[in-house]
Amino acid sequence: MKLKNIKYLIACIIMLLLAFLQCYKAVHDLHWAFEPDFDRDIGYIRTTLNGHYGTDPNYLGQYMWYNPLLYLSEAAVVQITGLPINIVVARAGMFLNLLGPIFFFIMARKLFDYKIALAALLSFLFLATGNMPGWGGATYSPLQLADCYVQFIFYLNIFLCYKAFSTQKIRWFIVLGIFLGISFLGHAAPTIIIILMMILLQGQKIIIAIRQKELSLVKTYFLQGFFTVIPFLIFSFPFLYFVLIKYHLHFVNRTILQCAPGIFARAKTIELLKLNLTFSLLIAVIGFVVFYKKYDNPLIKKIIFYWFYITLFMYLYEAVLPAANRILHITLPDTIPALHYFFYLKGVQSVFFGFGFVYLLDVIIDWIKDYALKKYSTKFSAALSSNLFVFSVLAYALIYYPIYSNRTDFVIPRQQALAKEKETDKIEVYSFIVKNLPLDQVMLCKHDQSLFPVMATGIKMVSVEVYFSNPYISYEERENDRNDMLSYLSTSGPSSAATLFAKYKVSYVLLPNPDFEKLKTPPFLSARVIFKNNSFTIISLTAK
């Protein structure tokens, strides 16, 4: 690195430290994370650490359906540190998620220059996501969620795309295929975006070669694709094996694919739009125009614009898909919920912000130069100009920091996590199950307890909430059977539920104490209380 560029690296580190400080304050003392996504991860981690990788932690006899990279990373942290799983899941995000902004900065530096990279990082850390939750847009968040964590591989793959297509060397396509496979282990969204990008880049070249009758080039292009696909299949196989070979990618529970939580609910579209109409977006729009008109590397230009067009199209497509299916009365192809594409749309917004910020600041600095020259006969050096740029980026970050530190990502999840820590009766149930009950046993419980505490334990259930249910298994059937069995325990009906206990191999039942008072033990089962606290009772069931 040249000495003149160290200032950009120092500014990068300062902004990362500012962001890390806020993330640290948000989660450093938490014992439980705030929502069911984290409880699902805890269940997967427990299942993996107990030697059952590849199984569904919720359903007996079923297979893993959720991308494993995040919980495997967390499991490794648990093994290395010896910390309880719930603490690792609640706090590790402030460390693991740092990979996102670091790789984003490296990508922008490799594709462009230090000035663009530093300005883009300013947007990435503090501006682009605004007051949205960290899982809603590309930023550095303390929440250890899959989107927030695995985005670093996406930025690496953007750079690898450039290296592969600019050098045309097979080894870069192999490396791209490897990290594309690792990306799929982490999340489908960044993988789909890169695959579509490659199809557009390579497809365009193949069409041109065919038109020009350059058959040797067509062969080369297909060979490059082959050497990308093979390592992709190899490195994604630890997950691809289950969803492709075991489940044949046949979605049964399609509701999970159309999840639109929080601000992404269809009814809140206008609110989402308003939340994103910010001053930083205006700078990004200016940057979009500057990038389109003045940037002259055609390959990088295609990569960045494809990033933008693909994420925008896929977000809009997935957002309107439920209504389109309902109106057209056909089932259009589905991938994953729209919010995951929006996440990466905010990432490319930060890239365009970099161009817009540099352009506007250069205009201001040029005006200051001219004014100083005319008024004081003072000529600015290049070093002084670059120092002004770095100072301006840091000043923007510091001025905006009080607003940034109060964003939803740092306030609401922390309040919810602290409230969860006070649910001591549920935590007692979790601890009892973890310490005393085997993971391969099935517990019958109500809908409210299926998420926490039961899902976090990794013990099997009859049914879990729809958005955390195995998408390759019928949710409606299991949910109806669960409700029938619970009803049978209190009313002895419906009679058809009598056979379901053996069908699902139910060994334990968790009931709120008011429901336990209504318990009518089936004549074909023996029931024994094995745990009881102020709110819940666990009974063991055995066949007579």
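If you read the sequence from its start, that first residue is 1, and numbering goes on from there. Atom set for the values below is all heavy atoms of this structure, side chains included, hydrogens, waters and symmetry mates excluded.
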Next on the checklist: If the threshold is 4.0 Å, N to carboxylate O, is there a salt bridge linking K246 and D56?
Outcome noted: no

Item to check | OG on S487 to NZ on K518, rounded to 0.5 Å | outcome: 11.0 Å

Checklist entry - Got a donor-acceptor contact below 3.5 angstrom from the E318 side chain to the T335 backbone? => result yes

Only distances under 3.5 Å count here; give the side-chain donor-acceptor pairs of residues 408-418 to other protein atoms, sequence neighbours excluded, each with its distance to 0.1 Å.
residue	atom	partner	partner atom	Å
T408	OG1	N131	O	3.4
T408	OG1	N131	OD1	3.3
T408	OG1	N131	ND2	3.3
D409	OD1	G134	N	2.8
D409	OD2	G134	N	3.3
D409	OD2	S141	OG	2.8
R414	NH1	A26	O	3.1
R414	NH1	D29	OD1	2.8
R414	NH2	D29	OD1	3.2
R414	NH2	D29	OD2	3.0

Item to check | Heavy-atom closest pair, residues L185 and S236 | outcome: CD2-O, 3.9 Å

Item to check | Ring centres under 6.0 angstrom apart (F239, Y66) | outcome: no

Checklist entry - To the nearest 0.5 Å, how far apart are OG1 in T48 and OH in Y53? => result 7.5 Å

Checklist entry - Is the H28 ring parallel, tilted or perpendicular to the Y24 ring (thresholds 30°, 60°)? => result parallel

Next on the checklist: Under a 4.0 Å threshold between the charged nitrogen and the carboxylate oxygen, would D37 count as salt-bridged to R40?
Outcome noted: yes

Item to check | Residue pair L312, Y341: steps toward the side chain to side chain contact (heavy atoms under 4.5 Å, CB included) verdict | outcome: CA-CA 7 Å; L312 179 60; Y341 295 111; over 6 Å; no

Item to check | V529 vs I539, side chain to side chain contact (heavy atoms under 4.5 Å, CB included): CA-CA, chis, key distance, verdict | outcome: CA-CA 4 Å; V529 174; I539 58 176; 3.9 Å; yes

Checklist outcome for this item: ring-ring contact (aromatic ring centres under 6.0 Å, His included) pairs touching residues 485-525, sequence neighbours excluded, are none

Checklist entry - What pair of heavy atoms forms the shortest contact from L70 to A146, and how long is it? => result CD2-N, 3.5 Å

Item to check | Check: N86/H31 side-chain N/O donor and acceptor closer than 3.5 Å | outcome: no

Checklist entry - Got a sec: does the OH of Y63 have more than 12 other heavy atoms crowding it under 6.0 Å? => result no

Checklist entry - Is a donor on one side and an acceptor on the other found under 3.5 Å between the side chain of K346 and the backbone of A128? => result yes

Checklist entry - Should V434 and I459 count as side-chain neighbours, where that means a heavy-atom distance under 4.5 Å? => result no

Checklist outcome for this item: When every non-hydrogen atom of P453 is compared with those of V429, the smallest separation belongs to CG-CG1, 3.6 Å

Checklist outcome for this item: In this structure, CD1 of I245 is separated from CG of L240 (nearest 0.5 Å) by 7.0 Å

Next on the checklist: Within the 3.5 Å criterion, strictly below it, is a donor on Y140 or Q151 matched to an acceptor on the partner's side chain?
Outcome noted: no

Checklist entry - How far does CD1 of I102 sit from CG of L156, to the nearest 0.5 angstrom? => result 13.0 Å

Next on the checklist: Just so I know, are the side chains of S463 and D481 near enough to count as touching, which here means a heavy-atom distance under 4.5 Å?
Outcome noted: no

Next on the checklist: Test your reading of the model: is there a side-chain donor-acceptor pair from R46 to the backbone of T457, 3.5 Å cut-off?
Outcome noted: yes

Checklist entry - So, do N253 and R478 sit near enough that their side-chain heavy atoms are less than 4.5 Å apart? => result no

Next on the checklist: Ring-plane angle category for F251 and Y472, please: parallel below 30°, perpendicular beyond 60°, tilted otherwise.
Outcome noted: parallel

Checklist entry - Are E479 and R482 ion-paired here, with the side-chain N under 4.0 Å from a carboxylate O? => result yes

Item to check | Pairwise side-chain contact, N276 with M132, heavy-atom cut-off 4.5 Å (strictly under) | outcome: yes

Next on the checklist: Quick check: closest heavy atoms across K420 and I427, and the distance to 0.1 Å?
Outcome noted: O-CD1, 3.8 Å

For residues 435-448, please give each side-chain donor-acceptor pair under 3.5 Å, one per line with the distance, not counting sequence neighbours.
residue	atom	partner	partner atom	Å
N436	ND2	F432	O	2.9
Q441	OE1	S507	OG	2.8
K446	NZ	D515	OD2	3.0

Item to check | Heavy-atom donor-acceptor pair, H248 side chain to H250 backbone, under 3.5 Å | outcome: no

Next on the checklist: side chain to side chain contact (heavy atoms under 4.5 Å, CB included), that's the test. Do F343 and W135 meet it? Break it down for me.
Outcome noted: CA-CA 7 Å; F343 183 93; W135 48 264; 5.6 Å; no

Item to check | Stepwise side chain to side chain contact (heavy atoms under 4.5 Å, CB included) test for Q258 and R266 | outcome: CA-CA 11 Å; Q258 298 171 359; R266 277 76 182 176; 4.3 Å; yes

Checklist entry - Do C161 and L176 come within less than 4.5 Å of each other through their side chains, counting heavy atoms only? => result yes

Checklist entry - Under the 3.5 angstrom rule, does the side chain of N533 hit a backbone N or O of F536 as a donor-acceptor pair? => result yes

Checklist entry - Side-chain donor-acceptor pair under 3.5 Å between Q62 and N470, yes or no? => result no

Next on the checklist: Please check this pair: side chain of N97 against backbone of L143, looking for a donor-acceptor N/O pair closer than 3.5 Å.
Outcome noted: yes

Next on the checklist: Using a 6.0 Å cut-off, check whether atom CD1 of I270 has over 12 heavy atoms from anything other than its own residue.
Outcome noted: no

Checklist entry - Taking the side chain as C-beta and beyond, is there a heavy-atom pair between Y44 and P68 under 4.5 Å? => result no

Next on the checklist: Could you measure the distance from the CG atom of L69 to the OG atom of S183? Nearest 0.5 Å is fine.
Outcome noted: 9.0 Å

Next on the checklist: Is the distance between the ring centroids of F152 and F103 under 6.0 Å?
Outcome noted: yes

Next on the checklist: In the structure I gave you, are the side-chain heavy atoms of I193 and M314 within less than 4.5 Å of one another anywhere?
Outcome noted: no

Next on the checklist: Less than 3.5 Å apart, any donor N or O on the side chain of Q224 or Q202 sitting next to an acceptor on the other?
Outcome noted: yes

Checklist entry - Got more than 12 heavy atoms from elsewhere within 6.0 Å of OH, Y241? => result no

Checklist entry - Around atom NZ of K532, are there more than 12 heavy atoms of other residues, nucleotides or ligands at under 6.0 Å? => result yes

Next on the checklist: Between L339 and P261, is there a side-chain heavy-atom distance shorter than 4.5 Å?
Outcome noted: yes

Checklist entry - Which heavy atom of Y247 sits nearest a heavy atom of M64, and at what distance? => result CE1-O, 4.3 Å

Next on the checklist: Would the distance check show the side chain of W307 and the main-chain N or O of M197 forming a donor-acceptor pair, the cut-off being under 3.5 Å?
Outcome noted: no

Next on the checklist: Rounded at 0.5 Å granularity, tell me how far CD1 in I194 sits from CZ in F154.
Outcome noted: 4.5 Å

Checklist entry - Can you check whether F227 and F173 have ring centres sitting under 6.0 Å from each other? => result no

Item to check | Any donor-acceptor N or O pair under 3.5 Å, side chains T47, Y71 | outcome: no

Next on the checklist: For W32 together with Y430, are the ring centres under 6.0 Å from each other?
Outcome noted: yes

Next on the checklist: Can you give me the closest heavy-atom contact between V464 and S450, atom names plus distance?
Outcome noted: CG2-O, 3.8 Å

Checklist entry - Going through the distances and angles, do S73 and Y149 end up as a side chain to side chain donor-acceptor pair (under 3.5 Å)? => result CA-CA 10 Å; S73 300; Y149 174 49; 2.9 Å; yes

